[in-house]
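The structure appears right after this line, and notes come after that.
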Amino acid sequence: AQTVTQSQPEMSVQEAETVTLSCTYDTSESDYYLFWYKQPPSRQMILVIRQEAYKQQNATENRFSVNFQKAAKSFSLKISDSQLGDAAMYFCAYRSATPSGATNKLVFGAGTILRVKS
Amino acid sequence: DAGVTQSPTHLIKTRGQQVTLRCSPISGHKSVSWYQQVLGQGPQFIFQYYEKEERGRGNFPDRFSARQFPNYSSELNVNALLLGDSALYLCASSLRQNTGELFFGEGSRLTVL
């Protein structure tokens, strides 16, 4: 079974600074997707960024980028120019992409609370 | 267009009671998934339904059941509630069974006393 580990329960960053959230995962599959989701106090889970395992190039979405290290099974999220609205719980998640996979089940880590200081 | 909607948003039950949570997916989405998020933890997969059939089940007891209706809305039922069932229950919809982005609702907060 796949597992996702987020070793930082809580992180703080000064507004306009850069912060990196860590995530490691364990899988025996070669084809999969990795995601970062943001969950603000409103509770709605919002997709921040996704990475396909077969792509060597790291995904970027505006101020958000990832460092995907497939051999090390590491998937960190970098937030540049942090804003007050970035404060939320961030979850790393894994999804299988094998042809036999019949679901879009996500396996989540425990999350990292990000606090942004003004 | 409306996003994923869930009802009720909050509810309180006592041990041994039964609860039904409801989810309406985004229009055109045929897959609905349910997740349980205990306070301080990441969401755990409970079920996925696609085209009204169960396509996946997580490691939850038989007290948990679900169904999907012809209009693709879904219900999650939990019988014989335990204190440990207190959690945020999230519904997510997607266009297809095993591809595409998941869109989440705001969840139903269940408290079991």
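Throughout, a chain's letter reflects where its sequence line sits, starting with A, and its residues are numbered from 1.
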Is it true that atom CG of N71(B) has more than 12 heavy atoms of other residues, nucleotides or ligands lying nearer than 6.0 Å? yes
side-chain contact (heavy atoms from CB on, under 4.5 Å) between E101(B) and N104(A): does it pass, once the steps are laid out? CA-CA 9 Å; E101(B) 181 181 345; N104(A) 56 17; over 6 Å; no
Verify side-chain contact (heavy atoms from CB on, under 4.5 Å) between L47(A) and F103(B), making sure each step is shown before the conclusion. CA-CA 8 Å; L47(A) 178 65; F103(B) 292 85; over 6 Å; no
Considering residues, nucleotides and ligands other than Q56(A), do more than 12 of their heavy atoms fall under 6.0 Å from its CD? no
Of the backbone (N, CA, C, O) and the side chain (C-beta and beyond), which part of Q39(A) lies under 4.5 Å from a heavy atom of chain B, both, or neither? side chain
Counting only heavy atoms not in L83(B) (residues, nucleotides, ligands), do more than 12 fall under 6.0 Å from its CG? yes
Could you check Y37(A) against L102(B) for side-chain contact (heavy atoms from CB on, under 4.5 Å), going step by step and ending with a plain yes or no? CA-CA 11 Å; Y37(A) 280 88; L102(B) 286 182; 4.0 Å; yes
Search all heavy atoms of Q37(B) against all heavy atoms of F91(A) and return the closest pair with its distance. NE2-CZ, 3.2 Å
With side-chain contact (heavy atoms from CB on, under 4.5 Å) as the criterion, how do R109(B) and R43(A) come out once you've worked through the C-alpha distance, each side chain's angles and the decisive distance to 0.1 Å? CA-CA 10 Å; R109(B) 171 76 67 190; R43(A) 311 184 317 199; 3.7 Å; yes
Take atom NZ of K78(A) as the centre, draw a 6.0 Å sphere, and report whether it contains more than 12 heavy atoms from other residues, nucleotides or ligands. no
For R15(B), look at atom CZ and say whether over 12 heavy atoms of other residues, nucleotides or ligands are found less than 6.0 Å away. no
Shortest non-hydrogen contact from P43(B) toward F108(A): O-CD1, 3.5 Å
